[in-house]
Amino acid sequence: MDNYLDKKLLDKVISRFLSKEERLLYGKVINMENVISERALTPEHFVDLLRAEAPHKQVAAEFDLSLTELLEILKEIEEKIENRIEKVSTETRWLDCTNVVSGTFETNENRKYFYTEGL
């Protein structure tokens, strides 16, 4: 799958299969990590920034959790996401509808249209 579809699938899994609390916690951590990664010049710099700024400790305090509890919850959430993505990927059927749709919509030879069953 390409990055666009991977991102769409991840978003769908997060919105459908995580509880509101899990989405809030996971989203907060991912957003903080993304902000730091945008500033990091190298992977090593990213790790250094994580250590220095301790965003996971900030999130743990915000949610009244210990750092260990937060990391365990994040691990469970990531496992839940990975398992669901794997299940959806194996159970989803992709039907190429490009020929059918191209007569109805403006066509772009670099674009494909798919119908999915299973999401």
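Quick note: numbers below take in every heavy atom, side chains included, and nothing from hydrogens, waters or symmetry partners.
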Pro55 and Val29, any side-chain heavy atoms less than 4.5 Å apart: no
In Å, rounded to the nearest 0.5 Å, how long is the span from OG of Ser89 to CG of Asp6? 8.0 Å
Does a side-chain heavy-atom distance below 4.5 Å link Leu24 with Phe63? yes
In the structure I gave you, are the side-chain heavy atoms of Leu74 and His56 within less than 4.5 Å of one another anywhere? yes
Counterpart residues, salt bridge (Lys or Arg N to Asp or Glu O under 4.0 Å), relative to Glu33 (two or more places apart): none
Around atom CD of Glu79, are there more than 12 heavy atoms of other residues, nucleotides or ligands at under 6.0 Å? yes
If you measure from CG on Leu50 to OG on Ser37, what distance do you get to the nearest 0.5 Å? 9.0 Å
Between atom OG1 of Thr42 and atom CG of Leu49, what is the distance when rounded to the nearest 0.5 Å? 9.0 Å
Are Phe17 and Ile81 connected, step by step, through hydrophobic side chains (Ile, Leu, Val, Met, Phe, Trp, Tyr) whose heavy atoms are closer than 4.5 Å? yes
For the CD1 atom of Ile14 and the CD1 atom of Ile77, what is their distance to the nearest 0.5 Å? 9.5 Å
Kindly give the heavy-atom pair with the smallest separation between Glu53 and Gln58, and that separation in Å. O-NE2, 2.9 Å
With salt bridge (charged side-chain N to carboxylate O under 4.0 Å, His left out) as the rule and sequence neighbours excluded, what pairs involving residues 54-78 come up? Lys28-Glu62
Check whether any side-chain heavy atom of Val13 sits under 4.5 Å from a side-chain heavy atom of Lys80, and report yes or no. no
Same hydrophobic cluster for Ile30 and Ile85, using side-chain heavy-atom links shorter than 4.5 Å among ILVMFWY? yes
CA sep, side-chain torsions, deciding dist, call: Leu25, Leu70, side chain to side chain contact (heavy atoms under 4.5 Å, CB included): CA-CA 9 Å; Leu25 181 71; Leu70 173 71; 3.4 Å; yes
